Amino acid sequence: MKEHLLLQNKFLKNTLTLISGTTAGQALLLLLSPVLTRLYSAEDFGAFGVFVSAASILLVIASLKYEMALPMVKRRFTASLLIRLCMILIVSFSVLSLTLIMTFESQLAALLNVPNHSEVLFLLPLSLLFCGGYQLATFYSVRESLFKRLSVSKVTQAMAIGIGQVSLSFVTSIGLIYGYVIGFFMSLCCFISVKHSPIRSKKVTRLKLLAVARRYAKFPKYTMWASLTNTSGTVLPVIMFSSLYSSAQAGLYVLAHRVLIAPVNIIGSAISNVFMSNARQYRIDGELANKTLEIHRQLIALSMPLMALFIFYLTDLFALIFGANWSDAGQLSTYLAIWIYCVFTASPISTVLIVLEKQKLSAYFDAAAFVIRISAVYMLSLLPFVEAILIFSLLNAVIVFVFIGMTFRQLNVAVWQVLKIHMSYAMAFLLPSFGLFSVFGGYSKVLSFMLTLLWVVAAVIFIKRKKA
């Protein structure tokens, strides 16, 4: 019992440590967003979104996802071999990408359909080098429980990105991209001085590197492809929206998605990292299913009241906060909200299949989801942009929820148990919010919002007292 409580306290402490750093960093970027929307155009945001999307897809391939094995490795020397292997792969892939860009620059520029395409393209290899190094440092920090240093790195990253994007707006229209690259370089510097760094190990040999590569071959064989299809299915649409519609419309989507995804980055990612560092022990103790379901329920209890409170007022809020030119982004965010809600509640359980060594199942699911998403974008391009985003968001929400159900089935948890939690909170918060907006929204949105706020607060208090 005492060990159980200590584990719970440690989980809470580590989660709060990560959340504090991530929250500070993301809050800074969110606070700067109204400034950035007045310094950059929707087309500039579109170019930034295309760049980040391309970098995110290539980043999955750069290290073949070997870094994801780090939290599961017991021996420190094995971890040092994995880190050295990942570093070699990241540098090699960055050089290869630079070579390909120099060879096929004109074709890639036509594909991306962004202004200043030459600068954007040649920043990609540099971005891969810094982002890949930071991703590797993140997983090593999770393994070593260096959550404080990881938290500091996230704050450093956000500050560097913010300062770079604001200051460079007076120099170039792609200052958003330059700031992004600078931010990852500065955050990577936070890990250079780590004591007992495995990078400095002198016992690493080529044969040992090959041996550890074969030992964890499941990660490039299954996890990489699963991550590639999952990431591509999420970010490739930005590139496609820019190509099929326009860079400006892609920019509206980028801002809407960026604002809504912030809670996932702030809370979901932190909980996911800490959960992954404890998941192996949960599995040994036979508590993995219960812990996963409880964390999922807590995320639902946190996100559903917020969605009920804001979902019907996002168009007006975007116009107020980011400027009248961005009200269309607010409309898009209303349609994206349900999808992001599902992603938020699924963020910590996305690591469960890795803990259960079900990478093959995850790869098959993500491949199917990728085909559905990309096919949908092409078919929906026949519709007006706003309608296409609505249907695309609903489709993605269904895909994420199917993944949630599939994961819980692997833990022998019935899907109806998970669905029951979602439905109960939707009935308590979202349905009344919709009713109040329908009745009073036409007369006064301020009155409608205040009544919704009162209802949400009352419902939260009632639920907490009932559980107590």
Side-chain angles (χ1 to χ4, degrees), residues 7 9-26 28 56 59-60 62-91 127-161 183-201 204 212 216 219 223 227 264-282 295 347-348 350-352 354-355:
L7 191 61
N9 291 335
K10 183 180 179 182
F11 182 92
L12 179 61
K13 180 182 177 182
N14 290 337
T15 301
L16 291 176
T17 300
L18 263 187
I19 288 178
S20 63
T22 310
T23 301
Q26 292 296 321
L28 175 62
S56 299
L59 185 60
V60 175
S63 60
L64 305 182
K65 302 310 289 184
Y66 273 114
E67 74 278 358
M68 292 191 72
L70 283 170
M72 307 297 148
V73 173
K74 293 181 180 180
R75 295 181 60 211
R76 186 179 291 269
F77 179 65
T78 305
S80 70
L81 289 171
L82 276 170
I83 289 177
R84 188 68 66 90
L85 175 64
C86 289
M87 290 177 63
I88 293 172
L89 291 171
I90 291 168
V91 173
S127 173
L128 288 175
L129 195 62
F130 297 153
C131 294
Y134 180 73
Q135 183 173 266
L136 179 58
T138 296
F139 277 93
Y140 177 72
S141 299
V142 171
R143 167 193 157 71
E144 299 293 324
S145 297
L146 299 173
F147 296 109
K148 186 175 181 181
R149 184 176 289 269
L150 186 56
S151 181
V152 170
S153 74
K154 290 181 180 296
V155 176
T156 303
Q157 180 183 115
M159 291 179 63
I161 289 175
F184 273 92
F185 170 72
M186 295 303 296
S187 60
L188 180 59
C189 291
C190 294
F191 296 97
I192 293 177
S193 61
V194 173
K195 294 181 180 180
H196 310 295
S197 172
I199 298 173
R200 300 164 189 159
S201 176
V204 176
V212 81
Y216 296 99
F219 286 89
T223 305
S227 297
V264 178
N265 294 331
I266 292 172
I267 301 174
S269 297
I271 293 177
S272 180
N273 284 334
V274 179
F275 178 80
M276 189 173 184
S277 69
N278 290 278
R280 183 173 60 189
Q281 188 60 45
Y282 290 151
I295 290 172
S347 54
S350 61
T351 60
V352 169
I354 295 175
V355 176

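Please read these numbers as outputs of a predicted model, since none were measured by experiment.
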So, taking the atom named [atom1] in [X] and the one named [atom2] in [Y], what distance separates them when rounded to the nearest 0.5 Å?
| X | Y | atom1 | atom2 | result |
| --- | --- | --- | --- | --- |
| Arg149 | Thr156 | CZ | OG1 | 10.5 Å |
| Cys86 | Gln135 | SG | CD | 9.0 Å |
| Tyr140 | Ser80 | OH | OG | 9.0 Å |
| Leu136 | Met87 | CG | CE | 7.5 Å |
| Lys65 | Ser227 | NZ | OG | 4.5 Å |
| Gln157 | Cys131 | CD | SG | 7.5 Å |

### Message
Ring centres under 6.0 Å, that's the criterion: do Tyr66 and Phe219 meet it?
### Response
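Tyr66 vs Phe219: aromatic centres not under 6.0 Å.
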What closest approach, in Å, do [X] and [Y] show between heavy atoms, and which atom pair accounts for it?
| X | Y | value |
| --- | --- | --- |
| Gly183 | Ala160 | CA-CB, 3.6 Å |
| Leu82 | Ala69 | CD1-CB, 4.0 Å |
| Leu128 | Ile90 | O-CG2, 3.9 Å |

### Message
Please identify which of these residues, Thr78, Leu70, Ile88, meets the side chain to side chain contact (heavy atoms under 4.5 Å, CB included) condition with Ile83.
### Response
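Among the candidates, only Leu70 passes.
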### Query
Mind checking what makes side-chain hydrogen bond (donor to acceptor under 3.5 Å, both in side chains) contact with Tyr216, not counting sequence neighbours?
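Here no residue qualifies.
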### Query
side chain to side chain contact (heavy atoms under 4.5 Å, CB included) between Glu67 and Arg143: does it pass, once the steps are laid out?
CA-CA 10 Å; Glu67 74 278 358; Arg143 167 193 157 71; over 6 Å; no
### Message
Could you tell me if the side chain of Leu150 sits less than 4.5 Å from the side chain of Ser153, heavy atoms only?
### Response
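They are in contact (side-chain heavy atoms under 4.5 Å apart), so the answer is yes.
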### Task
Might you work through the side chain to side chain contact (heavy atoms under 4.5 Å, CB included) test for Phe185 and Tyr134, ending with a clear yes or no?
CA-CA 8 Å; Phe185 170 72; Tyr134 180 73; over 6 Å; no
